[in-house]
2 protein chains.
Amino acid sequence: MTASPGPSPTRMYALSSEPKPQDLLTRTLPLPGCGHPPGTSHWYLPASDKTVHWGYFSKNLRPILEVASGDYVTIECLTHCASDDYERMIKGDPGAESVFYWTKNQKNVNRRGAGSLDASIGAGGGGAEGAHICTGPIYVREAAPGDVLEVHILDMYPRPCANPAYKNKAFGSNVIGSWGFHAGHLVEEPKDRETVTIFEFDATGEQRWAQAVYSFRWAPVIDPNGVMHPKYDYVGLVIDHKHVQSKEGILKNVRIPLRPHFGVLGVAPKEADMVNTVPPSYTGGNVDNWRSGKGATLYYPVAVEGALLSAGDTHAAQGDGEICGAAIESSWTGVLQLILHKRGSMTPHLEGLNYPLLETAKEWVVHGFSFPNYLGQLRVEDKFAVFTKSTLDLAMRDAYTKMRDLLMRGFRLSEDEAIALMAVSVDFGLTQIVNGNIGMHAILQKSVFATT
Amino acid sequence: MTASPGPSPTRMYALSSEPKPQDLLTRTLPLPGCGHPPGTSHWYLPASDKTVHWGYFSKNLRPILEVASGDYVTIECLTHCASDDYERMIKGDPGAESVFYWTKNQKNVNRRGAGSLDASIGAGGGGAEGAHICTGPIYVREAAPGDVLEVHILDMYPRPCANPAYKNKAFGSNVIGSWGFHAGHLVEEPKDRETVTIFEFDATGEQRWAQAVYSFRWAPVIDPNGVMHPKYDYVGLVIDHKHVQSKEGILKNVRIPLRPHFGVLGVAPKEADMVNTVPPSYTGGNVDNWRSGKGATLYYPVAVEGALLSAGDTHAAQGDGEICGAAIESSWTGVLQLILHKRGSMTPHLEGLNYPLLETAKEWVVHGFSFPNYLGQLRVEDKFAVFTKSTLDLAMRDAYTKMRDLLMRGFRLSEDEAIALMAVSVDFGLTQIVNGNIGMHAILQKSVFATT
């Protein structure tokens, strides 16, 4: 495909002001008890240029917070797509302004991916090998490889728009990106287009749906360092809306039910120093399961000392599949409790866990991937192999194996019992098909285990 | 794999008596109004050796009932797995006894599949190319190719066990068969085993779950015609339980939530004279979506004059995937209303429909297949190609395309609107991975279309 003849490239939207000084943004503070069990602390982790890492995981990152097992963390997450609408998702928000700040002379968060920092040989610092703004990492005291970290999501609330023009609203962005499942299969012209849709929803939490506000077609952008971006190929390019054509009245009368969740939540893998946030793996990361919301608990195998938990890529809503390559990408704050399970003293369903396991009030959900540990299975040097070698069939085989093993190991069933139970009551579904390492999940209803 | 050293082959269970004369079984009778709209009839279609076709669809089958658009049909369906436990699923039930009757001298339903009738060159009449007992076909007056047949499932109720020893119970069978997704991936020995689990549930409808009663490992069987079956490779082989070892106490305290539905429901395809019931296709058939139960509506493209609707393969419960190759296979009776939509006078979401579309109270569900019309896409002579060439990735592409087109054609969205809506709210899942033509579905919540 060749690039469509679009508008001329424009320079990035000029920021209206320098970011304000923000002492708060670098502090983590123990909060008063709030009814939490004695001996636990509740920490507040704001998102700022000092508390995020962008587009990569790394076992070498300096932790921004150290907690004990049982502690609570309120954690702010920012969407990497906020720059699609600066007025609605960044302006007036000190944390967001500090993260996205980028002029010719200063780029507060230069690295935005796991690749080269030399912007001249790539799309920008980090080389566009990764996407998500992650808050963290959090060091969990005494966590060691072989342990399991339990992350209970107690609450999630939207980050209200800080611009007084949009009081009590929150916003998100969906990108029909060139990396989506639709790509190469469009029927309307121009077939190499990328389209961004801005959604709004109620920041007070009363209305539980999102609505489209407008959309625009991506037009080439020159970033502050002079790199031209004909495609949506680098995160945090602030769009100058004078140079794109907005389309109003789209998805008229359509209400998207909210499914707030963490797209990215996970611990640092041990296999490589710098890891692209896009493909999920055994340590979690960009799993993109919309069930990872309020009330859910995730269990991760600890791979490095301290676990190094990070969170980001919060979504207001997503369907199983995330087929266009994005959900409603928006900024949310979550309240987490972290509990460490030491190797050798866990319940049977956790011992030896080697993938992100999800528990909700009513379900157990296992996550299968085309490559359960792609960093360990594929050559680390061939870092894009996972994007080309993944198939749904591989992910399904992995989901099947994990659910069978959970039933056998965790619930003490024979293999025949496990297989029969799966056939008659476990639901297999697509998690996502756009993150390189394709995900399929299997859902076991807890209610099958009768209490009488 | 080599066959495991199992018990010696045994002869089939001897039927205790000749089937009783059953005038009722060949009659279809218009019922009194029952509150149905004037001008419509309500027909009763019992299952017997005179009203079923077993293991195949055919455009050349003589209809057993002719109805007008708007008519109601109460239709009995028998599971092909009933012979796994004759005492619980056949004995004392005149319809089931007539269908399964098979001695050396008489086999009431000889053809059990789309293959050769010469048992000496195959597993038995029909060559094991197909599995399901289908009641029908029903001829819908004025139905012609290009029309759409709407089948509304008004109710489903279990076929109670006719054996007084099991009053108010109903039963089903699950087979961990050699054609399942687990095959070749077993971890416990012997790895070439096949296991049958018998489930029971409440025939009165009060308790909404099924429980395992016992299981047994398949042992070689010699059928009444002298053909040896080392595997579960032919339908309707009555098991002599004196020659298999039953295992009790399995899946203890496990309750499987009921999801009663039609595994097989569809119209006759036009592409071939004899069609194996196993792979689903554009005309429906063995779609195996557990959402095809009470309250659901299916829409099928009519391919031949009269549509020729058949129903069977009823299940008490199934998970998305049906991974071992079977659900809780059991006999149920459904109440259907059939409505014909003539080409050129349909709503936009039905016009041009070329696959089985499912509607529930809250959802629209499209069905993708590895090969949307495998009979038309693959060489008809190479009738097993669909079993070897299907992939999940192909099925996913088809599900995506069908949902996009439904949103564009049926709900008048632009392509960008359709893709964004799918990414943020449509759920893609596995329907089944064991029927040759792999199925994936996409679920659209009706609630996204706000009424205000």
Side-chain angles (χ1 to χ4, degrees), chain A residues 174 176 180-182 185-188 193 195 197 199 210 212 215 250-251 253-257 317-328 391-393 396-397 400-401 404 413-417 419-430 433 440 442 445 447-452, chain B residues 174 176 180-182 185-188 193 195 197 199 210 212 215 250-251 253-257 317-328 391-393 396-397 400-401 404 413-417 419-430 433 440 442 445 447-452:
Chain A
N174 173 262
I176 300 180
F181 187 67
H182 60 277
H185 297 266
L186 291 172
V187 291
E188 288 183 352
R193 72 187 184 275
T195 302
T197 304
F199 286 86
S215 69
I250 51 155
L251 288 170
N253 295 330
V254 167
R255 289 177 175 177
I256 308 296
Q318 188 206 288
D320 278 335
E322 203 191 21
I323 56 98
C324 78
I328 298 183
T391 69
L392 263 171
D393 293 270
M396 175 61 198
R397 175 60 64 196
Y400 163 81
T401 304
R404 178 197 64 193
L413 300 185
S414 71
E415 186 174 29
D416 284 348
E417 288 176 309
I419 294 174
L421 179 58
M422 288 163 78
V424 304
S425 68
V426 168
D427 294 321
F428 288 83
L430 178 66
I433 195 163
M440 287 201 69
Q445 301 296 330
S447 62
V448 301
F449 298 105
T451 50
T452 54
Chain B
N174 174 263
I176 300 180
F181 187 66
H182 61 277
H185 297 266
L186 290 172
V187 291
E188 289 182 351
R193 71 187 184 274
T195 301
T197 304
F199 286 87
S215 69
I250 51 157
L251 289 170
N253 295 330
V254 167
R255 289 178 175 176
I256 308 297
Q318 188 205 288
D320 278 336
E322 202 191 22
I323 55 97
C324 77
I328 298 182
T391 69
L392 263 170
D393 293 271
M396 175 61 197
R397 176 59 64 195
Y400 163 80
T401 304
R404 178 197 64 194
L413 299 185
S414 72
E415 186 175 29
D416 284 348
E417 290 176 308
I419 293 174
L421 178 58
M422 287 163 78
V424 304
S425 67
V426 168
D427 294 320
F428 287 83
L430 177 66
I433 196 163
M440 287 201 69
Q445 301 295 331
S447 62
V448 301
F449 298 104
T451 49
T452 53

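Not measured: the values here are computed from a predicted model. In what follows, every chain begins at residue 1, and chains take the letters A, B, ... in the order their sequences are listed.
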query: Checking B/Glu417 side chain against A/Ile250 main chain: does a donor-acceptor pair fall under 3.5 Å?
result: no
message: Please classify the contact between A/Val426 and chain B as side chain, backbone, both or neither, with a heavy-atom cut-off of under 4.5 Å.
response: backbone
query: Would a 4.5 Å heavy-atom cut-off, applied to side chains only, mark B/Thr391 and A/Leu392 as touching?
result: no
- line: With chain B, the option among A/Val254, A/Leu421, A/Leu413 that has the most non-hydrogen atom pairs under 4.5 Å is A/Val254
message: If I compare all heavy atoms of B/Asp320 with all of A/Asp427, which pair ends up nearest, and what's the gap?
response: N-OD1, 2.7 Å
- prompt: At a heavy-atom separation under 4.5 Å, does B/Ala326 approach chain A through its side chain, its backbone, both, or neither?
  reply: backbone
query: Which bit of B/Ala327 is near chain A, if near means a heavy-atom gap under 4.5 Å: side chain, backbone, both or neither?
result: backbone
query: Counting heavy-atom pairs under 4.5 Å to chain A, which of B/Gly321, B/Ala317, B/Gly325 comes out on top?
result: B/Ala317
- prompt: With distance as the sole criterion, is a donor-acceptor pair present between the side chains of B/His185 and A/Arg397 under 3.5 Å?
  reply: yes
message: Heavy-atom pairs under 4.5 Å with chain A: which of B/Ile328, B/Ile256, B/Leu186 has the most?
response: B/Leu186
query: With chain A, which of B/Ala423, B/Ala442, B/Gly429 has the greatest number of heavy-atom pairs at distances under 4.5 Å?
result: B/Ala423
- request: Could you look at B/Ile176 and say if it's the side chain, the backbone, both or neither that has a heavy atom under 4.5 Å from chain A?
  value: side chain
Inter-residue atom distance A/His182.NE2 - B/Asp416.CG, 0.5 Å rounding: 8.5 Å
- prompt: Considering only heavy atoms, which portion of B/Thr401 lies under 4.5 Å from any heavy atom of chain A: side chain, backbone, both, or neither?
  reply: neither
- request: Would you mind checking which part of B/Asn174 comes under 4.5 Å of any heavy atom in chain A, side chain (CB onward), backbone (N, CA, C, O), both or neither?
  value: side chain
message: Looking at every heavy atom in both A/Val448 and B/Pro257, which two are closest together, and how far apart are they?
response: CG1-CD, 3.8 Å
query: Do you know the tightest heavy-atom contact between A/Cys324 and B/Ile419?
result: CB-CG2, 3.5 Å
- request: Please look at B/Ile433 and chain A and tell me whether the side chain, the backbone, both or neither of the residue comes under 4.5 angstrom of a heavy atom of that chain.
  value: side chain
- request: Would you mind telling me which of B/Ala210, B/Ala420, B/Gly180 has the largest number of heavy-atom pairs within less than 4.5 Å of chain A?
  value: B/Ala420
- prompt: Do side-chain atoms of A/Glu415 reach the backbone of B/Val187 as a donor and acceptor pair under 3.5 angstrom?
  reply: yes
query: What residue in A/Arg404, A/Glu322, A/Met396 has the most heavy-atom pairs under 4.5 Å with chain B?
result: A/Met396
